[in-house]
Structure formats: structure tokens, C-alpha cells
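Structure record follows, encoded as C-alpha cells.
All figures in this text were calculated on a predicted structure; none of them were measured in a lab. Nothing fancy with the numbering, it's 1 onward along the sequence.
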Amino acid sequence: MQRFSALLPEPEKIRPGKGYLRIDAGAACRITGENAAWAMTLVKYLFGALFGKTDRNAPCALSVTEDASIGVFGAYCLEIGERISIRASGKEGLACALQTLFSIGRKTEAGMEFPCCKIEDAPFKPQRGVHFYMPPADLVDDFLHLLDALASLKYNMIILETGGGVELDRHPEINAAWKRFCREAREYPGGPQGLQASEAYWKDSTHVELCGSGCISKADVRRIIDHCAMLGIEIVPEIQALSHAYYLTLAHREIAERPYERWPDSYCPSCEESYQLYFDVAEELLDLFQPRRVSIGHDEVRVLGECPKCREKSGHDLLAYDINCLWDFYQKRGIQIMMWGEMLQNHINWKGVPSGGIGVPKQKDAYGRPYQLPATYEAAGKISRDILMIDWQYSMANDTENEFAQKGFQEIFGNFRGSQICGWERRSRNENVLGAEVSTWCVPNAYELGFNGWLYELVFSAMVLWRQDYTDEKRAEFDRLTADYLPLLQEKLSGERCFDGSLSTLAQMAVVPGEKKKIGYRCGSIREDAARAAYAGGLTPLKEGEELIIEGRAQSIVFFHAARQPLPQRITTWNFRDRVERIAAQYMIRYEDGLSINCPVEFGAAGDYGVALGDFSGKSGFEMPSAYGDAPSDIDNQNTVDEDHMQPSPLVNPKDPWRGAALAACRYAELDTPEGSRILYACEWKNPCPERRIQSIGVRQEGASPVEACLFAAALTNE
């Protein structure tokens with residue numbers, strides 16, 4: 001099955017054949033069905049000039065037929081023998097089949113070759129999504145590559161948050177207010193999280209990463225829309241309402257629920273001017289996106305019933321009125337809405353305390369300031385049942401989907417982590433659960449997605465949502481598949497061929513000499529031959545002031561290394577912490593002509609032309625958490641627990657919380673050593689001076705970081 005290693009999620013049925021089908025460029029292709037024109041566009045994008053002829057009389061190398069009889073929407077059958085035959089159910093089935101074909105193909109000098117086989121497959125859940133901020137203007141090309149990678153993983157929905165970052169012709173003052181807000185949030189003492197604590201009514205998360213704190217043109221947005229359309233991915237614009245309304249209220253304070261705040265985040269639902277402004281903005285965005293569905297947000301509602309117009313009304317009525325106004329607006333335009341659903345929920349979370357839209361009685365926050373919030377959960381009985389709920393409270397209790405089912409709503413799990421959910425085989429079988437979306441909450445580039453662990457999660461969750469057979473018992477298997485696939489994902493995102501993990505692709509290797517030890521290879525994406533060569537010196541690290549002699553020209557250098565200890569606390573980019581503590585060391589590459597270049601070594605990720613590092617003693621696998629919310633909350637770090645009514649946690653935690661980040665940038669090998677299980681990482685650094693001969697490599701530890709980098713070996717590549 002090695003030739004199918006590039007294919008993830010693994011199909012339901014694969015029957016390998018013998019040999020390969022080789023196709024030269026310009027072969028004939030025949031596509032039939034109502035989506036034939038679109039499918040041909042995707043064929044040309046994926047395969048280039050490989051399939052150039054559409055002559056019905058020419059011998060056909062690729063035959064594609066829409067056939068709803070083969071199964072659910074998205075099902076397909078792919079057969080490769082003397083020719084390639086695809087039968088697929090609907091547009092999604094065509095997209096999945098063509099992505100599968102592309103994933104298992106290999107380029108040749110004359111065209112491509114494909115392993116002979118028969119693959120039959122169908123999705124488990126119909127909605128498999130990812131939530132992104134709108135990317136900055138200078139990252140649009142990278143974002144399109146990311147969309148390509150997601151399409152190959154069979155994601156079919158992107159929720160794209162617009163905020164104040166999309167160019168608005170009707171309301172340029174909103175764009176100006178958004179940019180001013182982002183600047184002030186970043187400059188505020190303590191950064192954006194400090195701003196959140198600036199008022200007793202804790203501010204909504206700022207989301208200043210959206211558009212890189214700037215704005216993006218409609219032309220660039222149109223590129224994203226067109227690219228998704230070609231890939232068969234649905235874009236759901238998130239046009240936030242009620243809460244997360246900084247972009248509206250900072251430009252028009254007259255609609256704010258608390259207009260006297262410096263940064264009001266919620267509009268007044270009793271003010272008709274709120275809807276006049278929102279609808280005008282929405283109309284302009286609808287003209288741009290032409291969507292089938294829109295998300296209206298509504299998460300983090302922390303201000304309601306405060307102004308004179310709202311004060312005498314119940315929270316249930318205020319929320320229902322707001323949702324119904326929006327539903328009516330979109331329903332008249334034939335658009336379905338989805339929303340974050342926590343304010344409509346009323347349940348006991350796993351810590352044994354009430355959660356959802358239960359309200360907050362008058363009390364004081366962590367800084368002694370008065371605060372209250374009315375209950376809103378009864379609004380669920382006063383709104384349309386065709387609103388799709390985004391249920392992130394699934395991570396707070398074990399049966400939130402049942403609550404929405406009883407109220408008549410369909411849902412998707414939001415902020416989904418397929419690697420951590422417990423009981424998916426039970427919870428996903430509920431008929432009202434249509435799928436899930438992974439929320440990224442960062443700039444959508446390879447560095448931040450990798451460092452925050454989202455690349456790992458996107459791969460793992462893609463398998464959970466696609467395959468029918470995932471259970472808690474298969475978590476370790478899916479973890480291994482994810483770890484092995486991540487280097488291929490790196491290649492997709494970078495567009496460059498990377499170190500494949502084997503010794504045969506390395507021109508030469510230099511190992512730090514040391515005492516021989518009995519070390520055994522267990523598994524990993526560093527292949528056994530390369531791992532054995534790297535630990536031939538007994539895993540002895542290079543000392544500061546010494547040099548590792550390795551001479552020759554190279555396209556890149558592969559560092560085999562690990563951290564002696566990890567950073568003490570898992571940190572994400574939205575914590576806005578200084579990166580200096582993550583820079584563990586500098587590798588000093590010296591060339592024969594006297595030039596020296598430093599390569600920064602960063603724990604957990606690889607950025608700014610550096611390399612990533614992982615924990616030498618890191619553990620694979622997962623464990624039940626001792627308490628929910630060990631990481632700092634974005635609100636006030638309160639962690640109320642009613643021990644008498646606690647339930648089993650709905651989530652597991654990774655034993656090494658940094659491992660997913662490191663795997664997103666490194667290959668790895670698990671080893672048995674006299675000191676116990678250890679993980680060796682290999683990270684590739686592209687040589688900026690491939691024409692110069694390298695002479696040696698040194699290491700300098702960075703004093704500002706608690707992490708020590710241990711370099712055991714280095715290798716040159718000429719590919």
C-alpha cells in the first residue's frame with residue numbers, strides 16, 4: 001500500500017492491481033453529466049496538459065461519468081487499468097474522485113503514471129469545513145495553495161470571516177475604523193488580550209489577525225471565491241452580527257449597546273439603525289460572494305439588555321428578535337443562515353456547572369467590576385428551525401447535540417478537534433449532526449497554522465469526518481497516519497520537493513561522535529536507514545564552540561536534532577507572546593569562502609528561514625485531562641467546578657501538547673534508548689547559497705530561551 005501513502009483520508013475500499021498505467025501529455029478525456037464543464041476545468045487545473053483532447057472519436061484515456069446510483073452525494077468509484085474510469089455521485093463526487101486520482105499519480109518525463117487499482121469511497125459526514133480569517137492581501141497566493149491542500153483532504157466548506165477587512169465601497173469608514181482598531185489593540189498594554197480586559201463587560205476576542213490587521217480588495221476576494229468554485233469548495237462568508245461587531249460599532253457608535261466604551265463590540269438589537277447598517281454591508285458582501293449560506297456569528301455575546309431601549313426586555317426576546325430580523329433578511333434572498341449556538345443552549349457541562357445561554361447574575365469580575373448578562377436560551381423556541389447551529393459547546397459536555405436535536409435544529413460541531421473528541425462513534429451517529437468545522441483563529445499561513453497545531457488537526461479531522469470507521473480505539477492509528485502525512489502536506493503548501501525521510505536522498509551526513517549506545521528504531525517518518533545513520537554517534541549533541549565538519553555544496557541541509565526540554569507552557573500565536581523565548585539556538589553555517597549564515601532554531605515551528613525543534617522526551621498519544629481549561633481562558637481564568645456533579649470529559653489531551661506543532665514542520669523517529677523513549681526530529685533548511693561550498697556547522701544557544709537545542713547530525717541534499 002506504499003504507493004497510496006499520498007492518499008488521505010484512506011478510502012473505504014482499495015483493491016490494488018498490478019503495474020502502472022502510463023499516460024503521455026495530450027491524452028483524450030471524456031466527461032459526461034450536468035457538471036461536465038466544471039469537471040473539465042478542474043481536470044485542466046490538476047493535470048495540466050496531460051488530458052488535452054476532448055474528441056469523442058479519439059481513444060479515451062480518462063472517462064468521467066456522473067452517476068447518482070453509486071451512492072450518497074460525494075461517492076465515487078475510480079478504476080485504473082488499461083484506461084482510467086470514474087463514476088461519481090454529483091459535483092462533490094467528481095471533485096473527490098479527481099483529487100484522489102491526482103494524489104496517487106506520479107509525474108514522468110512524458111506525462112504521469114498511476115497505479116492500477118479500484119477505489120470505491122464515500123464521505124461519512126456531508127459537511128467538512130474549516131473556519132478561517134480572511135487572509136492578508138500579500139498571502140492570497142499562499143492561501144490558494146492551502147485551499148488546494150484542503151481539497152485534497154476532501155474538505156468541502158470554508159467559513160471565511162469578513163469583519164471589517166473586506167474592501168467596502170459603500171462604507172469605507174468601516175474599513176478605516178477596523179484598521180484603527182487593530183492598531184490600537186496591538187499597541188494596548190498586554191496587547192489584544194489586555195484590551196479584552198479593559199472593561200467590566202469582558203470584550204469579545206479581537207480577531208486582529210483578520211486580513212493582517214488591514215483590508216483586502218474585492219479583486220483578491222474574487223480570486224479566492226473563484227478558486228474555491230473551481231475546487232468544488234463552498235464558501236460561507238461569516239458576516240458577524242450582534243457580537244463581534246467592532247467593525248460596525250467603531251465606525252457608528254450610535255448603534256452600540258454601550259456607546260460610551262472605548263471599543264464597543266456589540267450593537268443594540270433594539271436600534272433599527274443597527275440593522276440598516278448591517279444589511280447595507282451584507283448586501284455589498286452578498287453581491288461579491290453570491291453565497292448559498294451565510295454565518296451570522298453570535299458567539300461571545302457578553303453585552304445584552306444594557307441600553308435604555310433594551311433594559312426592560314428579556315434576554316430571550318432580545319436575542320430572538322435579532323436572529324429573526326437577520327433570518328428574514330437572508331430568507332428573502334434564498335440564503336440559509338448558520339450561527340454559533342451557545343447562547344441558545346442550557347446544559348450542565350462536564351465540570352458539573354450550568355453552561356450556554358444561562359445568563360450571569362449581577363456579580364463582580366476578576367478585577368472587582370460589576371457585571372451581569374441576561375439568560376437567552378429560551379430564544380431557541382422563538383426562531384426558525386432551518387438555522388444550522390455551530391455547536392462548539394460539544395467540547396464542554398457529552399451530549400450537546402441531543403439538546404439541539406430535541407429543539408429541532410441540525411448542527412455541525414464547531415471549533416472541532418477530531419484528535420481530541422471522545423465518543424465520536426456515538427455522538428456523530430445522531431441524525432442532526434451533519435459534520436464539523438475546524439476553527440483556526442490565526443493568520444492562515446503555514447507558519448501560524450503549523451505552530452498552533454492546526455495543520456496536524458486539519459489532517460486528523462479530515463480522516464475523522466470522511467471515514468465511517470473512526471472510534472476512540474483508533475486514535476493512535478490515526479495519529480500515526482497524520483504524522484506520516486504531514487511532510488507531504490508541507491510539500492503541497494510550499495510547492496517544493498522536500499527531504500523524503502530516507503538515507504538515499506541525502507548526499508552526505510555528518511554525525512557528532514560520541515559513546516556508542518544501544519538504540520532501537522520504533523517508527524516514524526524519518527525512515528529507519530536515515531535514523532540509524534543519524535544516531536550512530538550515540539545521540540551526542542554538538543557542544544557550543546565546537547564544529548560539525550560537513551563539506552560540499554548543497555541545495556539544503558537536514559538537521560537531526562531535538563530539544564533537551566520543552567517550553568514550560570503551550571503557547572498559541574493569539575497569545576501575542578514575544579517569539580524570542582521560542583528561539584532556542586542559532587545554527588551557524590560556515591562556507592569555505594568565509595561567509596557565515598545563521599539559521600534560527602525555533603521550538604515548535606519553523607519561521608523566518610529557520611528550522612523547527614521538538615521535545616526529545618515528548619510523548620505520543622493522549623490522556624484524559626485533570627481539569628478542563630488548564631490553558632488560560634480569554635476571559636478571566638475562572639474554572640468553576642462542581643465536584644459532586646462532574647461528568648466524564650468530552651475531550652482527551654495530547655501527552656505532548658507541542659508534538660503536533662513540531663510534526664507540522666519536522667519529520668520524526670521514535671527511538672528506544674537506555675534513557676527511555678526519545679523522539680528525534682529532522683527539519684530541512686533551504687540553503688540560500690547553493691553555489692558556495694559548505695565547510696562546517698556550529699551551534700550557539702540563545703540565553704533568552706529556556707530551551708536547549710541538541711544537534712546530533714546534519715546532512716546535505718542536492719535535490
Side-chain angles (χ1 to χ4, degrees), residues 1-2 5 419 453 456 459-460 472-487 499-506 509-543 548 558-567 584-585 601 603-604 611-624 652-684 699 707-715:
M1 299 291 287
Q2 183 64 34
S5 61
S419 68
Y456 174 93
V459 176
F460 199 114
D472 287 343
E473 288 70 30
K474 291 193 174 184
R475 202 180 309 272
E477 175 191 339
F478 276 47
D479 171 73
R480 178 185 58 77
L481 290 170
T482 299
D484 289 345
Y485 184 81
L486 280 168
F499 167 54
D500 71 359
S502 70
L503 191 61
S504 61
T505 58
L506 302 175
M509 180 180 287
V511 180
V512 181
E515 178 186 354
K516 298 298 181 182
K517 298 179 181 178
K518 186 177 181 181
I519 299 174
Y521 176 88
R522 299 176 69 181
C523 63
S525 55
I526 304 175
R527 307 307 173 198
E528 187 170 2
D529 58 348
R532 287 187 180 279
Y535 63 67
L539 292 175
T540 302
L542 184 67
K543 295 180 180 179
L548 182 62
V558 179
F559 298 104
F560 294 85
H561 60 183
R564 195 178 297 279
Q565 69 287 319
L567 281 174
V601 184
F603 188 84
V611 290
L613 193 68
D615 181 13
F616 197 30
S617 301
K619 306 295 184 183
S620 60
F622 300 82
E623 59 188 4
M624 297 300 292
V652 300
N653 282 338
K655 292 180 180 178
D656 177 359
W658 285 96
R659 181 170 173 269
L663 293 181
C666 301
R667 287 184 175 271
Y668 77 103
E670 291 189 18
L671 309 174
D672 285 320
T673 76
E675 293 78 28
S677 175
R678 295 291 182 265
I679 299 181
L680 178 68
Y681 295 90
C683 199
E684 187 171 11
V699 60
V707 177
E708 180 183 350
C710 298
L711 177 64
F712 305 115

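Proximity of Leu539 to Phe616: side-chain heavy atoms (C-beta onward) are separated by under 4.5 Å at one or more points. When side chains are defined from C-beta on, Leu613 counts as touching His561, because their heavy atoms get closer than 4.5 Å. Side chains of Arg532 and Leu503 form no contact here, defined as non-hydrogen atoms less than 4.5 Å apart. Within the 4.5 Å cutoff, the side chain of Cys523 has no heavy atoms near those of the Arg480 side chain. Residues Ile679 and Asp615 have side chains not in contact (no heavy-atom distance under 4.5 Å, counting atoms from C-beta outward). With contacts defined as side-chain heavy-atom distances shorter than 4.5 Å, the pair Val512/Pro541 does not qualify. A heavy-atom distance below 4.5 Å is found between the side chains of Phe603 and Pro566.
Figure legend: Arg659 and Tyr668 shown as a cation-pi pair, the cationic atom lying under 6.0 angstrom from the six-membered ring centre and within 45 degrees of its axis.
Minimum heavy-atom separation, Met509 to Ala530: CE-O, 4.1 Å. Nearest heavy atom pair, residue Ala661 against residue Gly604, reads CB-O, 3.1 Å. Residue Ala536 comes nearest to Lys516 through the heavy atom pair O-NZ, 2.8 Å, listed as atom of the first residue, atom of the second, then distance. Between Ala585 and Ala709, the shortest heavy-atom distance links the atoms CB-CB, 3.7 Å. Nearest heavy atoms, Ala534 versus Ala713: O-CB, 3.8 Å. Listed here is the closest heavy atom pair of Gly501 and Asp529: O-OD1, 4.4 Å.
With a 6.0 Å radius and a threshold of 12 heavy atoms from other residues, nucleotides or ligands, Glu515 has its CD atom at or below the threshold.
Considering CG of Asp500 and CD1 of Ile526, their distance stands at 11.5 Å, rounded to 0.5 Å. Distance check: Arg522 CZ to Glu670 CD gives 5.5 Å after rounding to the nearest 0.5 Å. Atom CZ in Arg678 sits 11.0 Å away from atom SG in Cys710 (nearest 0.5 Å). For the atom pair Thr482 OG1 and Glu477 CD, the distance stands at 10.0 Å (nearest 0.5 Å).
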Please assess Val707 against Gln565 for the test side chain to side chain contact (heavy atoms under 4.5 Å, CB included), listing each intermediate value before the final yes or no.
CA-CA 6 Å; Val707 177; Gln565 69 287 319; 4.1 Å; yes
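Phe560 and Phe499 have perpendicular rings, their planes meeting at more than 60° on a 0 to 90° scale where under 30° would count as parallel. The aromatic rings of Phe622 and Phe460 lie perpendicular to each other, with more than 60° between the two planes, well past the 30° mark.
None of Thr540, Leu680, Leu548 except one satisfies the side-chain contact (heavy atoms from CB on, under 4.5 Å) rule with Phe712; the exception is Leu680.
Between the Arg475 side chain and the Gly621 main chain, no donor and acceptor come within less than 3.5 Å of each other. Remark: side-chain polar atoms of Arg667 are paired, donor with acceptor, to backbone N or O of Ser525 under 3.5 angstrom.
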